[in-house]
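Taking it in order: structure first as structure tokens, then the write-up.
Within every chain, numbering begins at 1; the chains are lettered A, B, ... in the order of the sequence lines, protein sequences first and strands thereafter.
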Amino acid sequence: MDFAKLLNTEQLHAVESTEGPVLILAGAGSGKTRVITYRVAHLVENRDVRPEQILAVTFTNKAADQMKFRVRNLLRAARSGDPLISTFHSFCVRLLRREIEALNYTRDFTIYDEADQLQVVKGVSKDLKVDERLVTPKTILARISHAKNHGKTPQNLLDDSWEPSWEYTANVFNEYEKRLKKSNALDFDDLLIKAVELFDKFPPAAEKYSTRFPYLMVDEYQDTNHMQYRLVRHLTRVHDNVCVVGDEDQSIYSWRGADIQNILSFEKDFPRVRIIKLEQNYRSTKNILAAASAVVAHNELRKGKTLWTQNPSGDLITYMEATDAEEEAMYVADRILFHQKADPSVRIAVLYRTNFLSRVLEEKLRRYNMKYRIVGGFSFYERAEIKDLISYLTVSLNPDDSVHLLRVINTPPRGIGKTTTDILEELAVERGTSVWGAIEIAIEQARLPMRTIRALEAFHALIAEFVRAAEELSNSALLEKIIAGTKYIEMLEEEGTEESENRIENIRELLTAAEESHERGEKLREFLDHAALVSDQDAYDERSPISLMTLHTAKGLEFPVVMITGLEDGLFPHSRSIMEAPQLEEERRLFYVGMTRAEHKLYLTSTRFRRYFGNMDQQISEPSRFLSEIPEELIEEVGERRRKPAVKFEGTSYDTVDAVMKVLGGAEKKPAPSVQPGPKKKLAGAWVLGTRVKHPKYGYGTILRTEGSGDDLKLTVSFISHGLKKMIAKYAELELA
DNA sequence: CCAGGCGAGTTTTTT
DNA sequence: ACTCGCCTGG
């Protein structure tokens, strides 16, 4: 196979450097996936490596699937096998399903997702009487996860504890680990940790797998955390043919434990390393690339690359400042229609920092009957009815899994209420058993009301029957048995709401998924592993013309047209990130990632007013500081400018109230009259949220609040040098500034 | 035991 | 606005 014509010099170099450690610093849009897939093909076709000797690790299933697809197309048919292309987590699950007995777990362990973990933490917190005003279960879980990923024990936390909440954390952590063990369950972090532990304790196992995969590739290396790093070290125990690909400018997962140091110090870990920089961008126009590069250049923590492109300059970047989220959404809809008119097959991405921003966008797009797809948010497998049925399936393989057993113990209602489950949980802790074990003890002792015992017996028999059935039935047949045995659909039918109709529909979809998995020859275990490890990102459908997603989810994707919304200080960069320089840099990288998704056209939008919780007060927002980091000559600004009043009109006080209502997002929906302000300095009706004003004594300020109307209109103004002042509009000698 | 009502807290990003 | 946990009355 001859790659020379298909690749540039650096890419070719990367593909042909097959022996020894290689670090590929691949800038955005530099053909990274191309290099990886060609490198696999090169190994197989030209270096006589058998496909199954190659292991390629990615972060998302989506990336893995995509890579598999491309490799398969590249390799000639009728090969002995396929390379193993997998996510870190799936790889570990496969490994542990074979080897975990060495660590005193059974191979039937269950995987706990975040919701499951939270259930455990909540339960433990309650039992240990943790003061929830000091630390929420969520915070505790975050701390536990952080500790685990950094190899810390509960004792370590206790030793380092400097205030009560950390003591609570350490104690909950301790009990949390016990309960997971008792449930024969591993959380997401454990999947990596136990794999590393296995290799640490049993070097021959590490050697076995290192030998089995003489060629290792890791994608998105900048996102690896400490455990993933150690796993890579183990897998390179008997060789050092490791090729990692990454871009420190796209490191956006430090909050999840990703250690940017892994890529920055790869050279130290593998001294023989060859470093190859891919700096030619094939994706974006010159203007987009220049703007993105200018932004990320503000970061200190980087190796520094200079991306360049032969692509045309293209359009300027368009910036639009909207009054509020509604107007922003209108603009998004308008631009989508505009681009679709020009090219019906255009693909457009609408990106935002946080999931809740999708709501307004969705509403508008739906109202205009535009076909869009939302990627992320809650996935199919997070829906209550799906989680319930998955829980039944899970319990059918591992009834000791207490979290999932408790989830379904009274769903549908069968007379086992809170009192009973509390007793069972207590009993389980007392006897050092699972809840399943506790049920058996309770039945035997019969110290509960007769009615409860009967209910428990019935439940026990039901689950026992599912356990038996799991051994002989196919995935879909077992699922059908569960649905029938629990009368789950009957329960939903009784509700008779539109919502419950939907749920039934979802269940049918799950049945189809189970059937398909059965046809692929998968066992129940594999079906459940898949369900546990699918992620939001995997839901992305590249055929969809309009995709809505967070910036994080957009990583790795590209679109002809990209719109980044909500570019407001406090939202993006997020308020929790602006205090610390490293975190602010990560936000900037996130912006960089977003910008570099665009091929031809990039839109940036922000709003002057943003509503945060429900219908509560709107907050005035400043444009994101990142906007000013883009060279002015690369941006064109459309719409009203911030310096002008938010809503422009002259008129009666009735109109004033009306306009205020609109700005406040009140019920009145009729459009505000938009008459340009005259040359007059004073405008009776222009006192609207966000208007910049000048006061003879206090100087310049911004209107933060309005109350009343007409002559009674009261204003709260924030003055730059005099702080907040409340005044009556009629008497205050205010001018528009 | 359970349904329905009430109040609090919520929204950073996710394998 | 929305969800979730807690409380109350049947």
Side-chain angles (χ1 to χ4, degrees), chain A residues 57-64 86-93 111-115 117-119 122 125-126 132-133 136-138 141-142 145 149 186-193 219-220 223-225 227-228 251-258 351-360 363 375-379 382 384 409-422 448-449 451-452 455 495 529 532-539 549-556 566 570-578 583 586-587 589-591 593-594 610-616 665:
Chain A
V57 193
T58 64
F59 272 80
T60 64
N61 297 300
K62 182 82 203 167
S86 155
T87 65
F88 269 106
H89 292 266
S90 325
F91 174 77
C92 290
V93 171
I111 301 167
Y112 277 7
D113 67 14
E114 203 182 318
Q117 296 181 62
L118 204 55
Q119 280 309 112
K122 277 182 183 166
S125 294
K126 199 167 259 175
E132 288 207 6
R133 286 167 311 182
T136 62
K138 245 183 162 172
L141 179 56
S145 176
N149 278 315
L186 302 185
D187 63 25
F188 278 141
D189 299 325
D190 284 330
L191 295 178
L192 300 166
I193 293 168
D219 193 15
E220 309 278 17
D223 287 334
T224 48
N225 66 22
M227 289 298 157
Q228 286 157 337
S251 163
I252 55 175
Y253 285 110
S254 74
W255 50 274
R256 217 178 59 201
L351 310 181
Y352 34 82
R353 174 70 239 261
T354 63
N355 270 309
F356 83 97
L357 289 188
S358 71
R359 205 175 281 162
V360 193
E363 247 167 54
V375 189
F378 6 57
S379 78
E382 280 168 39
I409 198 165
N410 204 31
T411 321
R414 51 172 73 90
I416 306 175
K418 192 154 168 17
T419 325
T420 310
T421 54
D422 279 350
L448 289 164
R451 205 164 50 145
T452 308
E495 277 179 43
D529 283 349
L533 295 173
V534 285
S535 75
D536 295 343
Q537 312 219 349
D538 307 328
M549 67 190 95
T550 65
L551 286 136
H552 281 88
T553 308
K555 179 150 125 186
L571 193 57
F572 192 20
H574 194 271
S575 55
R576 296 198 192 175
S577 309
I578 46 188
Q583 295 186 44
E586 180 148 314
E587 294 285 302
R589 289 194 292 271
L590 188 57
F591 187 36
V593 166
R610 175 79 61 185
R611 208 175 317 167
Y612 283 90
F613 306 113
N615 224 356
M616 304 284 278

Which nucleotides of nucleotides 2-9 of chain C have their base under 4.0 Å from a protein heavy atom (B), which only their sugar-phosphate (S), and which neither (-), written as one string 5' to 3'?
S--SS---
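Taking Leu118(A) as the reference, Lys122(A), Pro137(A), Lys138(A), Leu141(A) meet the side chain to side chain contact (heavy atoms under 4.5 Å, CB included) condition, with sequence neighbours excluded. In this structure, the side chain to side chain contact (heavy atoms under 4.5 Å, CB included) partners of Arg414(A), at least two apart in sequence or on a different chain, are Tyr392(A), Asn410(A), Pro412(A), Ile416(A), Phe459(A), Leu462(A), Thr486(A). Checked against ring pair (Phe, Tyr, Trp, His ring centres under 6.0 Å), Phe91(A) has no partners two or more places apart in sequence or in another chain. Taking the side-chain hydrogen bond (donor to acceptor under 3.5 Å, both in side chains) definition, one finds that Glu586(A) meets it with Ser254(A), Arg589(A), sequence neighbours left out. In this view, Val93(A) and Arg97(A), Ile111(A), Leu191(A), Asp529(A), Leu533(A) satisfy the side chain to side chain contact (heavy atoms under 4.5 Å, CB included) rule, not counting sequence neighbours. When the side chain to side chain contact (heavy atoms under 4.5 Å, CB included) test is applied to Val593(A), the partners found at least two apart in sequence or on another chain are Gln250(A), Ile252(A), Lys555(A), Arg597(A). Listed by chain and number, the residues in a side-chain hydrogen bond (donor to acceptor under 3.5 Å, both in side chains) with Thr58(A) amount to none (sequence neighbours excluded).
Distance from the side chain of Asn410(A) is smallest for dC2(B) among the nucleotides dC2(B), dT14(B), dT12(B).
One donor-acceptor pair, N or O on each side, does fall under 3.5 Å between the base of dT13(B) and the side chain of Arg353(A). Counting distance only, with no hydrogens placed and no angle test, the side-chain atoms of His89(A) and the base atoms of dT15(B) include a donor-acceptor pair under 3.5 Å.
A sub-4.0 Å separation between OP1 or OP2 of dC1(B) and a side-chain N or O of Thr419(A) is present. OP1 or OP2 of dT11(B) has at least one side-chain nitrogen or oxygen of Lys138(A) nearer than 4.0 Å. Residue Thr550(A) places at least one side-chain N or O under 4.0 Å from the OP1 or OP2 atom of dT14(B). Within the structure, a side-chain polar atom (N or O) of Asn355(A) is placed less than 4.0 Å from OP1 or OP2 of dT13(B).
In this structure, the aromatic ring of Trp255(A) is positioned over the six-membered ring of the base of dT13(B), centres within 5.5 Å and planes within 30°.
The aromatic rings of Phe356(A) and Tyr612(A) are tilted relative to each other, their planes meeting at an angle between 30° and 60°.
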Could you list the protein-to-nucleotides 3-7 of chain B atom pairs, N/O on both sides, closer than 3.5 Å?
none

